[in-house]
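Quick note on labels: first sequence line is chain A, next is B, and so on, each numbered from 1.
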Amino acid sequence: MEEVEQEYFSQIKSQFDIIYPRLVTLYPNAHCELNYQNAFQLLAATILSAQCTDERVNMTTPALFANYPNPQALSEAQPEELESIIRSCGFYRNKARSLLGMSKMLVQDFSGQVPDTMAELIRLPGVARKTANVVLGNALGKNEGIPVDTHVIRLVARIGLSSQITPEKIEQDLMHISPREEWAMVSHRLIWHGRRVCNARKPLCEQCTLAPDCPTGRQILNLK
DNA sequence: ATCCCGAGGG
DNA sequence: CCCTCTGGAT
């Protein structure tokens with residue numbers, strides 16, 4: 001359609017085609033680092049993961065699922081008891097409210113099952129596109145979108161995979177320039193690189209194989 | 001002081 | 001668009 005738009009997509013796609021194969025080499029087996037056994041557990045763990053490390057969530061969920069093994073049990077939890085279990089994950093009042101509201105809706109509107117569409121998932125309290133995409137892409141094997149978290153935002157901005165750094169635009173752009181069957185792995189590999197190399201505070205550009213093709217890496221290393 | 005696989009409300 | 005919610009790690 002618009003020539004400017006075509007030019008824009010061809011530019012970020014060529015950048016993606018340079019960067020992504022290297023991420024595949026670096027992290028062939030990247031995966032969700034939250035521990036879970038089913039969609040309900042991943043949904044709950046992902047709600048807990050907001051502004052919290054996966055490691056801490058994984059320390060919390062064993063007690064959570066022991067006490068509340070399914071949506072029915074979680075929906076009947078005492079708020080104070082639930083809050084005390086999840087407290088160390090932070091935002092514990094909001095998260096407890098989300099877990100309760102989410103599980104109550106699962107029981108009332110979805111016969112105790114986690115729905116498998118974006119439209120239904122984002123109706124759940126405390127669930128928006130990012131959480132829905134994690135559950136869809138990992139526990140349900142459906143790529144309806146791409147989970148965009150703080151790592152994905154940071155790497156897309158540094159590497160230059162989108163011009164407008166908002167979660168919505170980043171997700172649209174990544175969906176546009178990557179094959180659908182890769183969407184879950186695109187997110188995982190960006191996140192793995194973000195955690196291991198492209199840190200928020202001090203990116204390790206000198207040991208990053210992407211640096212020569214990364215605007216931020218070139219700038220920090222004083223290349224070209 | 002800054003950041004961690006966000007979401008809801010004003 | 002902004003703000004708030006929170007504990008833990010560095």
Side-chain angles (χ1 to χ4, degrees), chain A residues 23 26-27 29-36 39-61 63-64 79-80 82-106 118-140 143-159 161-162 164-171 174-175 178 182-204 216:
Chain A
L23 291 176
L26 287 170
Y27 315 110
N29 302 313
H31 54 83
C32 179
E33 296 184 272
L34 294 170
N35 296 336
Y36 66 97
F40 167 68
Q41 290 192 357
L42 181 57
L43 177 56
T46 306
I47 287 173
L48 291 182
S49 76
Q51 293 296 298
C52 175
T53 60
D54 284 2
E55 193 180 355
R56 177 144 300 277
V57 173
N58 288 336
M59 290 192 277
T60 302
T61 45
L64 180 68
E80 303 79 21
L82 182 54
E83 287 174 7
S84 79
I85 293 174
I86 68 173
R87 192 184 58 84
S88 73
C89 292
F91 296 162
Y92 62 91
R93 278 183 281 262
N94 291 342
K95 289 175 180 176
R97 211 178 304 131
S98 294
L99 290 173
L100 278 167
M102 170 275 278
S103 55
K104 282 176 180 170
M105 187 176 287
L106 288 182
M118 174 65 68
E120 292 173 309
L121 281 165
I122 62 179
R123 286 178 47 201
L124 300 168
V127 179
R129 281 196 69 87
K130 188 264 167 181
T131 300
N133 276 326
V134 169
V135 174
L136 286 166
N138 295 286
L140 302 173
N143 290 325
E144 288 201 29
I146 298 178
V148 175
D149 70 350
T150 172
H151 295 293
V152 174
I153 294 171
R154 186 178 67 253
L155 266 74
V156 164
R158 285 180 178 166
I159 297 171
L161 294 175
S162 179
Q164 197 183 337
I165 304 305
T166 67
E168 299 79 12
K169 176 70 162 135
I170 286 172
E171 187 182 353
L174 288 177
M175 288 167 71
S178 67
E182 282 295 307
W183 286 355
M185 293 306 284
V186 167
S187 181
H188 286 140
R189 287 176 175 133
L190 287 171
I191 289 166
W192 276 43
H193 195 63
R195 293 187 60 173
R196 290 159 179 75
V197 179
C198 195
N199 310 109
R201 302 176 196 212
K202 197 202 176 309
L204 308 176
T216 307

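- Rounded to whole Å, atom P of dC4(B) lies 14 Å from atom CD of Glu33(A).
- Between dC1(C) and dC4(B), the two C1' atoms lie 24 Å apart (nearest whole Å).
- Contact between the side-chain N/O atoms of Arg154(A) and the OP1/OP2 oxygens of dC4(B) is found at a separation under 4.0 Å.
- The CD atom of Glu55(A) lies 5.5 Å from the OG1 atom of Thr53(A); values are rounded to the nearest 0.5 Å.
- Near DNA chain B, meaning a heavy atom under 4.0 Å from it, residues 82-102 of chain A has Phe91(A) in order of number.
- Remark: C1' of dC5(B) and CZ of Arg196(A) are 12 Å apart, rounded to the nearest angstrom.
- Of all the residues in residues 182-191 of chain A, His188(A), Ile191(A) reach under 4.0 Å from DNA chain B with at least one non-hydrogen atom.
- Computed from coordinates, the Ile122(A) CD1 to dA7(B) P distance equals 11 Å when rounded to whole Å.
- Pro125(A) comes within contact range of the sugar-phosphate backbone alone, with a heavy-atom separation under 4.0 Å but no base atom that close.
- Put simply, the side chain of Arg195(A) never gets that close to the backbone of His151(A): no donor and acceptor are under 3.5 Å apart.
- Along DNA chain C, read 5' to 3', the first and last nucleotides having any atom under 4.0 Å from a heavy atom of chain A are dC5(C) to dT10(C).
- Taking atom P in both dT6(C) and dG10(B), one finds a spacing of 15 Å when rounded to whole Å.
- Toward the 5′ end of DNA chain C lies the nearest nucleotide of Thr53(A), the other residue of the pair Thr53(A) and Arg201(A) mapping further downstream.
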Worked check of side chain to side chain contact (heavy atoms under 4.5 Å, CB included) between Glu182(A) and Arg189(A): CA-CA 10 Å; Glu182(A) 282 295 307; Arg189(A) 287 176 175 133; 3.3 Å; yes

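- Taking atom NZ of Lys130(A) as the reference point, atom P of dG8(B) lies 13 Å away to the nearest angstrom.
- Going from atom CG of Leu43(A) over to atom P of dA7(B) covers 11 Å, rounded to whole Å.
- Partner of Val134(A) under the side chain to side chain contact (heavy atoms under 4.5 Å, CB included) criterion, out of Leu121(A), Asp149(A), Leu42(A): Leu42(A) alone.
- When all heavy atoms of Ser49(A) and Thr46(A) are compared, the pair lying nearest together is OG-O, 2.8 Å.
- At least one donor-acceptor pair under 3.5 Å links the side chain of Lys95(A) to the backbone N or O of Ala50(A).
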Trace of the side chain to side chain contact (heavy atoms under 4.5 Å, CB included) decision for Ile146(A) with Val152(A): CA-CA 10 Å; Ile146(A) 298 178; Val152(A) 174; 5.6 Å; no

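- When the side-chain nitrogen and oxygen atoms of Thr131(A) are compared with OP1 and OP2 of dG6(B), none of them lie within a distance under 4.0 Å.
- Checking side-chain atoms of Trp183(A) against main-chain N and O of Ser178(A) turns up a donor-acceptor pair under 3.5 Å.
- Here dC5(B) presents its C1' atom at 10 Å from CG of Asn138(A), a figure rounded to the nearest Å.
- Atom CD in Glu55(A) sits about 12 Å away from atom C1' in dC4(B), given to the nearest Å.
- Distance noted for atom C1' between dC3(B) and dC5(C): 16 Å (whole Å).
- To the nearest whole angstrom, the two P atoms, one in dT10(C) and one in dC5(B), are 12 Å apart.
- Residue Val127(A) is classed as a sugar-phosphate contact, given heavy-atom separations below 4.0 Å to backbone atoms only.
- The distance between the ring centers of Tyr27(A) and His188(A) does not fall below 6.0 angstrom.
- Scanning both residues, Ile122(A) and Arg129(A), for their nearest heavy atoms gives CG2-N, 4.0 Å.
- To the nearest 0.5 angstrom, Ser162(A) atom OG is 11.5 Å from Glu171(A) atom CD.
- Between Ser98(A) and Ile47(A), the shortest heavy-atom distance links the atoms CB-CG2, 4.0 Å.
- We find that CG of Leu155(A) is positioned 12 Å from P of dC5(B), with the value rounded to whole Å.
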